[in-house]
Amino acid sequence: MKCEHCTRKECSKKTKTDDQEKASVDVPSPAREGGEKGEFHKLADAKIFLSDCLACDSCVTADEGVRVSQQNAKDFFRILNLNKTCDTSKHKVLAVSVCPQSLPYFAAKFNLSVTDASRRLCGFLKSLGVHYVFDTTAAADFSILESQKEFVRRYRQHTEEKPALPMLTSACPGWVRYAERVLGHPVTPHLCTAKSPQQIMGSLVKDYFARRQNLSPDKIFHVIVAPCYDRKLEALGGDPPTALHGSRSADCVLTSGEVVRIMEQSDLVVKDAAVDSLFGDLEEGAVRRHDGASSDGYLAHIFRHAAKELFSEDVGEVTYRTLRNKDFQEVTLERDGEVLLRFAAAYGFRNIQNMVLKLKKGRFPHHFVEVLACAGGCLNGRGQAQGEDGRTDRALLKQMEGIYADIPVRLPESSSHVQELYQEWLEGADSLRVEEALHTKRQGPGHPANSRDIKW
């Protein structure tokens, strides 16, 4: 099956069985747990087509394709079985982190409020044997705050001789992989160095939380529930913090759709449960999101921060102006007819390609771009918005957008827990630990950005 983002004839590698969408995952009921307690039967070997993300032969090696194919329900149940059948010395602490853009999908699928959907999901996972269920909001707080600081620094350092702008977001793994492995210079120097929420969540679970629980990082099996398949690729890459002792920050990524299929095929009696807190709080935190229509809202948060920090302007509601299409929008800050800040959101690879071409020609006027591989943003990730025909389920996506819009927004600056973590976990907001835990070094220049570019 050919990658839908690419017209190159050689892009035809598979990493998923053709009947994956019809594969069943047999989840045990309590009645089944007799002779071989905890055994899971006939698990789907749930793999992915490279066409389910942006990945093509240009940016995924054969070895990576194999390792991505192993991130599925079978891997998840392997750990559940190990905990039920093996000696306690071999047990793993199972922690699941759920992305906020996945919750509207669960709410829509089960006709629940987003809060009830969160509790239902948490209760189901714990009924299977998961020990902790977290949300990734705090990790996104860190990623946004570090991106804010980096943009202000880049703006002040920017010159024609040493261009530091535009700054391009680095939270979308599909976009980052494409930029690093296919585009190379002149694009990669513009990528923000702040880690993505998934990467930071891995550090929080395997470093901060592990220390609180007196656990070695390799004793924790960390699962991410996310809207898109690219997160599986992201889990393979990156340099883990030294504190993790070689343990991957995310051991397995399941898409929202994979989790729903497991839930639909289960006959376990589930009792709703509250999401756990990394910080030892006893009270359940309310579901919160950041200020994006379908994502974590880097543009809005960084725009407000930059306006205040650089120009002493307080921005309330951020007003978007549609340019080429609804997935390419612009936000500007103006004073006395002069444009002080020009930000853009570019979603989907046709808009990304247009941005890259202008950037190469030196004709790109924006200071900052929030870049996402999926047209329509994270809610439209192919791991949850794809219908049986392989196309986006428009009615479901519209329902999810409405649910997501109703979730209260939390400013990353307002999180007392995050401010405490800067001091307690990272030894201060400007420490070397911050650079190690919250930032990454980008890959080298990559392939020359000419004949290897993907064309549409």
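- Taking all atoms of both residues into account, the shortest heavy-atom contact from Leu323 to Glu330 is CD1-CB, 3.7 Å.
- Here the side chain of Ser415 pairs a donor or acceptor atom with the backbone of Val418 at under 3.5 angstrom.
- The pair Asp251-Lys206 meets the salt-bridge criterion, since a charged nitrogen lies less than 4.0 angstrom from a carboxylate oxygen.
- Residues Leu254 and Lys232 share a closest heavy-atom pair of CA-NZ, 4.2 Å.
- A donor-acceptor pair under 3.5 Å is absent between the side-chain atoms of Ser216 and the main chain of Lys219, judged by distance alone.
- Panel note: side chain Glu338, backbone Arg335; no donor-acceptor pair is recorded below 3.5 Å.
- Heavy atoms from other residues, nucleotides or ligands lying under 6.0 Å from CZ of Arg363 number 12 at most.
- Residues that satisfy the ring-ring contact (aromatic ring centres under 6.0 Å, His included) test with Tyr422, not counting sequence neighbours, are Phe142.
- Asp291 places no side-chain N or O within 3.5 Å of a backbone atom of Gly297 that could act as its donor or acceptor partner.
- With salt bridges taken as basic N to acidic carboxylate O contacts below 4.0 Å, none links Glu401 and Lys398.
- Expressed to the nearest 0.5 Å, how far OG of Ser118 lies from CG of Asp135 amounts to 7.5 Å.
- Thr392 OG1 to Gln386 CD: the interatomic distance, rounded to the nearest 0.5 Å, is 7.5 Å.
- Side-chain contact between Val187 and Glu180 is absent, with no heavy atoms from C-beta onward closer than 4.5 Å.
- Side-chain contact check for Leu121 versus Lys126: every heavy-atom pair is 4.5 Å or farther apart.
- Looking only at side-chain heavy atoms (C-beta outward), Ser294 and Cys378 stay at 4.5 Å or farther from each other.
- In summary, Arg120 and Asp116 do not engage in a salt bridge, as defined by a charged side-chain N under 4.0 Å from a carboxylate O.
- Between the side chains of Asp230 and Trp175, not a single donor N or O lies within less than 3.5 Å of an accepting N or O.
- Here the side chains of Leu94 and Ile79 are in contact, with some heavy-atom distance below 4.5 Å.
- Glu258 and Thr255 form a side-chain donor-acceptor contact under 3.5 Å, judged by distance and modelled atom types alone.
- Here the closest non-hydrogen pair linking Glu160 and Pro163 is O-CD, 3.8 Å.
- Of the possible donor and acceptor atoms, one in the side chain of His190 sits under 3.5 Å from a partner among the backbone N and O of Pro166.
- Side-chain contact check for Glu150 and Thr193: at least one donor-acceptor pair (N or O, by modelled atom type) lies under 3.5 Å.
- Side-chain atoms of Thr136 do not come within 3.5 Å of backbone N or O of Pro197 as any donor-acceptor pair.
- Inter-residue side-chain proximity for Pro408 and Arg288 is flagged as met; some heavy-atom pair is nearer than 4.5 Å.
- Note that CD of Glu424 is 9.5 Å distant from CG of Leu426, once rounded to the nearest 0.5 Å.
- Checked by atom type, the side-chain pair His131/Asp276 shows no donor-acceptor distance below 3.5 Å.
- When only modelled atom types and interatomic distance are considered, Gln329 and Thr322 share a side-chain donor-acceptor pair under 3.5 Å.
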Inset, instruction - Check step by step if side chain to side chain contact (heavy atoms under 4.5 Å, CB included) holds for Phe279 and Leu421. - result: CA-CA 9 Å; Phe279 316 105; Leu421 281 172; 3.2 Å; yes

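- Between the side chain of Lys92 and the backbone N or O of Asp218, at least one donor-acceptor pair lies under 3.5 Å.
- For Phe76 and Phe221, the ring centers sit 6.0 Å or farther from each other.
- Here the side chain of Arg350 pairs no donor or acceptor atom with the backbone of Gln353 at under 3.5 angstrom.
- Residue Ala345 comes nearest to Leu299 through the heavy atom pair N-CD1, 3.7 Å, listed as atom of the first residue, atom of the second, then distance.
- Side chains of Met167 and Tyr155 form no contact here, defined as non-hydrogen atoms less than 4.5 Å apart.
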Inset, instruction - Would you check, one step at a time, whether the test side chain to side chain contact (heavy atoms under 4.5 Å, CB included) holds for Leu310 with Val152? - result: CA-CA 7 Å; Leu310 296 169; Val152 169; 3.9 Å; yes

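- The shortest side-chain heavy-atom distance between Leu233 and Pro173 does not fall under the 4.5 Å cut-off.
- Side-chain N/O atoms of Glu370 and Tyr347 include a donor and acceptor closer than 3.5 Å.
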Which side-chain N or O atoms in residues 95-110 pair as donor and acceptor under 3.5 Å with protein atoms at least two apart or in another chain?
residue: Ser97; atom: OG; partner: His222; partner atom: NE2; Å: 2.8
residue: Gln101; atom: NE2; partner: Asp296; partner atom: OD1; Å: 3.3
residue: Gln101; atom: NE2; partner: Tyr404; partner atom: OH; Å: 3.0
residue: Ser102; atom: OG; partner: Ser256; partner atom: OG; Å: 2.8

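- Considering only heavy atoms from C-beta on, Leu396 comes within 4.5 Å of Met400 through its side chain.
- The distance from the NZ atom of Lys149 to the CD1 atom of Ile302 is 12.5 Å, given to the nearest 0.5 Å.
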Legend entry - Evaluation steps, side chain to side chain contact (heavy atoms under 4.5 Å, CB included), between Ser147 and Cys192: CA-CA 7 Å; Ser147 298; Cys192 179; 3.6 Å; yes

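- Considering every non-hydrogen atom in both Gln419 and Glu413, the closest pair reads NE2-O, 4.0 Å.
- With Thr159 contributing its side chain and Lys162 its backbone, the two residues share a donor-acceptor pair below 3.5 Å.
- The minimum heavy-atom distance between Ala194 and Ser143, with the atom names listed, is CB-O, 4.0 Å.
- Between Phe368 and Phe303, the distance separating the two ring centers is not shorter than 6.0 angstrom.
- A salt bridge does not link Lys308 with Glu313: none of the charged nitrogens is closer than 4.0 Å to a carboxylate oxygen.
- Ring-plane geometry between Phe209 and Phe134 is classed as perpendicular, the angle between the planes exceeding 60 degrees on a 0 to 90 degree scale with a lower cut at 30.
- Ring centroid separation for the pair Phe151 and Phe343 comes in under the 6.0 Å cut-off.
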Inset, instruction - Take Tyr178 and Cys172 through the test side chain to side chain contact (heavy atoms under 4.5 Å, CB included) and record every step on the way to the result. - result: CA-CA 10 Å; Tyr178 174 64; Cys172 172; over 6 Å; no

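- Taking 4.0 Å as the cut-off between side-chain N and carboxylate O, Asp406 and Arg289 do not count as a salt-bridged pair.
- Between atom CG of residue Asp207 and atom CZ of residue Arg212 there is a gap of 12.5 Å, rounded to the nearest 0.5 Å.
- Here the CG-CG distance, from Leu145 to Leu438, works out to 9.5 Å after rounding to the nearest 0.5 Å.
- Formation of a donor-acceptor pair under 3.5 Å by the Gln148 side chain with backbone atoms of His305 is not found in this model.
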